[in-house]
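What you are looking at is a predicted structure, and each value in this text was computed from that prediction instead of being measured. Chain naming here is simple, since letters A, B, ... match the order of the sequence lines and numbering starts at 1 in each.
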Amino acid sequence: MSQSYLDVLNSEQKRAVLHTGKPLLILAGAGSGKTRVITTKIAWLIREQGLDPRSILAVTFTNKAAREMAERAKLIDDRAGDAMLRTFHSFGAWFLRRNGPLAGLDSGFVIYDDDDVCSLLSSLMENSTKAEIKQIAYKISRAKDYFLCPNDPKLSFIDSHKKFHSIYAMYEERMSQIGNVDFGDLIKKPVEILRSHPETAQRFRDRFSAILVDEYQDANVAQFELLKELTGPATYVCVVGDDDQSIYRFRGAEVKNILEFPNLFSGTEIIRLEKNYRSTEPILRAASSVVDNNQGRLGKTLSATRGNGKLPVLAFLPNQDEEAAFCARQIEDSVRQGRAKWSHWAILYRTNAQSLGFETKFLRRGIPYRVVGSLKFYEREEIKDALALLSFLVNPRDEVAFRRIVNKPARGVGPASVDKIIEAAYANENDLMETGRRIDLAPKARAGLNDFIKLIEDGKSLLENAQTTDEEIRKLQIKKRDSNKSREGLASGEGFSNCVYMLVKNSGIADYHKMQDDVTGNQRLNNLQELLNAASQYPLSQKGLQDFLEHIELDRSLVNDSADTGNVDSVTLITFHNTKGLEFQNVIMTGVEHGVFPRENIKEDELEEERRLFYVGATRAMNELYFTSCAMRRMYGRTVPTNPSLFLHEVDKGSLQITGSIPYGFNTLKKNAASPGHSEIEKAADWKRGESLYHDDHGYGEVIAVTDSEEGPVVRVHFQTGKELHFHSEYQGSAITKIGRDY
DNA sequence: TAGTTTTAAGTTTTT
DNA sequence: CTTAAAACTA
């Protein structure tokens, strides 16, 4: 009776939940109920194994997933709410707040986002372009993903130039002087601390008796190291993942982690979840037929428990306006006929920029929608300005924040003065406030800096003197946000929100942006108001400020979600990447065109990642799946002709219904129906098996197969480097040269 | 030096 | 077409 929550599980799921002792690797296909298994497992560990909820650590990759997991686990057993459910990064931040001092990191650190990292780098690399700086920032971030320090010989794996090594070293030096951290540090530093402080490591191994990791296929090397450091002989480890859904390689995710897990955790038991409960059979078949073209995969056979259903639709459309109209039509029809609600639909696209066309179309036709992720609220200038003020309040060594706001609005403190102050601060423990008070400056700059110092001091004293009581904090958290937007100025709030209000107002940033609003008609003042509303949930204290900043850095969807009146009935606009872990009744995969998805000029391994992305997108659908492919697309303001995606050539035509005007050369025949003779394809391709060639990028190679792929034949080439690539035959002549033949 | 106008450049994907 | 960098003027 007490175990009735286990009855809804199939035998494999149940086996995974009841498993104990040795490490467990769950290979969970799309839609196989892996969240159910993890949440049930958490509840089971508490109920039947008698684990203290606080001794359970469950790690996910996104905040959304963490929230959902917490919610679902609590439904099964309320005590699960006390388990530690976090993203890797938020766990790292939590760890460093407590143990950072062991590595010389003040616990009042602020987390730098990519933008902040770039501004710090630009002060280190005086005459570099923004693109170069971004490149370096990317590489430093990758280095940390792979747990590589500036002096690690393996760093040449990222970039072999000495220049990079020295910039990385300088960056680390400067960062530790400032006392802040970047995203990579949130994982890397905890590992370093655990390794150099065995007694701390022991404490954590004693504290967590079970560690569960979701989406393990997207863990990077540093995250794997962190997992290893937290795991003692008595720690139960359970990781869940699907190699076919690994889509974050560009961010350092290593599929190797999942493939080699059994070797690195001895005695690992593997359980496969291969029953798909989400999608109908044709949807699953279409998705699988594409990812089957990948070479490096474990391979699995997902079975569709839901049985047959509507065939996925492939719609060929003239251009992206028609594409948006097509989507609108499908959605409107289904809602008008009562077959679906708005919220049953999701529009998927490869790049955030593609959302715009759908937004304008939906707005005009009155279709309610919400855009997931892309709303770059925290990247807006006015928001970053306000946050920089707050960051500087927490950490007077924050050079990046100082540069950003000391002269905004203009106070007469120009770049020359700013550099002078920062330079001088080196000799003064990098304290910019302290240095600012003493330093000699031109009268105009002096007056401006005094204003700025006064502003920060006022903010500080407001924080320190007005300690909020616990009772007041509770009230603040319960209090609903008031949305009194005003064009005249900001409306003040209460508590911490009021402190932010005072800072933003007195700093002149509010007026500065209000003036800009009047000129450009922007909504910047409203955005600032939105930030104040978000702040109103935090207590007026040093800790409240710190929590607020940390929350914003780690979960950028926050304001967006809370402003989103909960579960309104609306269509979801979302990137393929963002759909991971989600499901929808009906899904439209848009822009399935060559050059868009997959994007152009990519290497074989990147192509495989895009294929997995295709697989992830398609397997989000429960009942209906659509692909749209346009003949023309506007890019950079120009309209250019486009071709169907390679993936549309690969997808099993037997599980597809095609509409619209079929592009020239697109073969709609089902796989088995087309069986032309080899020589014929080879003739058409003008390539033969065994033929040699030279490729500008990959060197010498030999043709190992010529296959028919509808948009002209495809030539598969084995290169001397060991790589295997395929090309459309008409591609020849640009980068490829035939050997032993003349033209 | 601050703020504006002109010109060039550029799109992955995210914690 | 949008955004960022460079050039320009008051």
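Pairs engaging residues 107-125 of chain A under the salt bridge (charged side-chain N to carboxylate O under 4.0 Å, His left out) rule: A:Asp113-A:Lys384, A:Asp113-A:Arg556, A:Asp115-A:Lys384, A:Asp116-A:Lys384 [sequence neighbours left out]. Pairs engaging residues 220-229 of chain A under the salt bridge (charged side-chain N to carboxylate O under 4.0 Å, His left out) rule: A:Arg195-A:Glu225, A:Arg195-A:Glu229, A:Arg205-A:Glu229, A:Glu225-A:Lys228 [sequence neighbours left out].
For A:Phe183, whose side chain is taken as the heavy atoms from C-beta onward, the closest listed nucleotide among B:dT12, B:dA2, B:dT15 is B:dT15. Distances from the side chain of A:Asn407 to the nucleotides B:dA2, B:dT15, B:dT12 place B:dA2 closest. Taking every side-chain heavy atom of A:Glu606 into account, B:dT12 is the closest of B:dT15, B:dT13, B:dT12.
To the nearest whole angstrom, the two P atoms, one in C:dA6 and one in B:dT11, are 15 Å apart.
By the 30° and 60° cut-offs, the orientation of the rings of A:Trp345 relative to A:Tyr626 is tilted. In this structure, A:Phe627 and A:Phe614 have parallel ring planes: the angle between them is below the 30° cut-off, well short of the 60° mark.
Both geometric conditions, a ring-centre gap below 5.5 Å and a plane tilt below 30°, are not fulfilled together for A:Phe576 over the base of B:dT13.
Side-chain atoms of A:Arg446 and A:Asn450 include a donor-acceptor pair closer than 3.5 Å. Side-chain contact of A:Asp182 with A:Tyr171: a donor-acceptor pair under 3.5 Å is present, judged by distance alone. Side chains of A:Ser123 and A:Glu399: a donor on one and an acceptor on the other come within 3.5 Å.
Nearest-nucleotide mapping onto DNA chain B: of A:Lys444 and A:Leu613, the residue sitting toward the 5' end is A:Lys444.
For A:Tyr216 and A:Phe261, the distance between ring centers is under 6.0 angstrom. Close placement of the A:Phe95 and A:Phe204 rings is indicated, their centers lying within 6.0 Å of each other.
Within a heavy-atom distance below 4.0 Å of DNA chain B, the residues of residues 108-118 of chain A found are A:Asp114. Of all the residues in residues 245-256 of chain A, A:Tyr248, A:Phe250, A:Arg251 reach under 4.0 Å from DNA chain B with at least one non-hydrogen atom.
Within the model, atoms OG of A:Ser246 and CG of A:Leu613 stand 10.5 Å from one another, a figure rounded to the nearest 0.5 Å.
In this structure, the CG atom of A:Asn578 is 10 Å from the P atom of B:dT13, given to the nearest Å. Counting to the nearest Å, the P atom of B:dT15 and the CG atom of A:Leu549 are 18 Å from each other. Counting to the nearest Å, the C1' atom of B:dA8 and the OH atom of A:Tyr636 are 14 Å from each other. Nucleotide C:dT3 holds its P atom 13 Å from the NZ atom of A:Lys134, rounded to whole Å. Here B:dT12 presents its P atom at 20 Å from NZ of A:Lys580, a figure rounded to the nearest Å. For the pair A:Met635 CE and B:dT12 P, the computed distance is 10 Å after rounding to whole Å. For the pair A:Arg638 CZ and B:dT11 C1', the computed distance is 17 Å after rounding to whole Å. The separation between A:Gln354 atom CD and C:dT2 atom P is 16 Å, rounded to whole Å.
Ion pairing between A:Arg403 and A:Asp398 fails under the 4.0 Å rule for side-chain N and carboxylate O. The existence of a salt bridge linking A:Glu609 and A:Lys603 is excluded, since no basic side-chain nitrogen approaches an acidic carboxylate oxygen closer than 4.0 Å. The pair A:Arg634-A:Asp321 meets the salt-bridge criterion, since a charged nitrogen lies less than 4.0 angstrom from a carboxylate oxygen.
Counting non-hydrogen atoms under 4.0 angstrom, A:Asp218 reaches nothing in the nucleic acid. A:Phe61 comes within 4.0 angstrom of sugar-phosphate atoms only, judged by non-hydrogen atoms across all strands, and of no base.
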Polar atoms only, N or O, under 3.5 Å: list the protein pairs with nucleotides 8-10 of chain C and their distances.
none

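Contact check, A:Ser90 against B:dT15: no side-chain N or O comes under 4.0 Å of OP1 or OP2. Distances shorter than 4.0 Å separate some side-chain N or O of A:Asn352 from OP1 or OP2 on B:dT14.
In DNA chain B, the stems built from three or more successive Watson-Crick or G-U pairs (distances below 3.5 Å) are B:1-10 with C:1-10.
Applying the 3.5 Å distance criterion, the base of B:dT13 shares a donor-acceptor pair with the side chain of A:Arg350.
Cation-pi contact between A:Arg97 and A:Phe109: present, with separation from the ring centre below 6.0 Å and deviation from the ring axis of at most 45°. Annotation: cation-pi geometry satisfied between A:Arg142 and A:Tyr138 (NZ/CZ under 6.0 angstrom from ring centroid, within 45° of ring axis).
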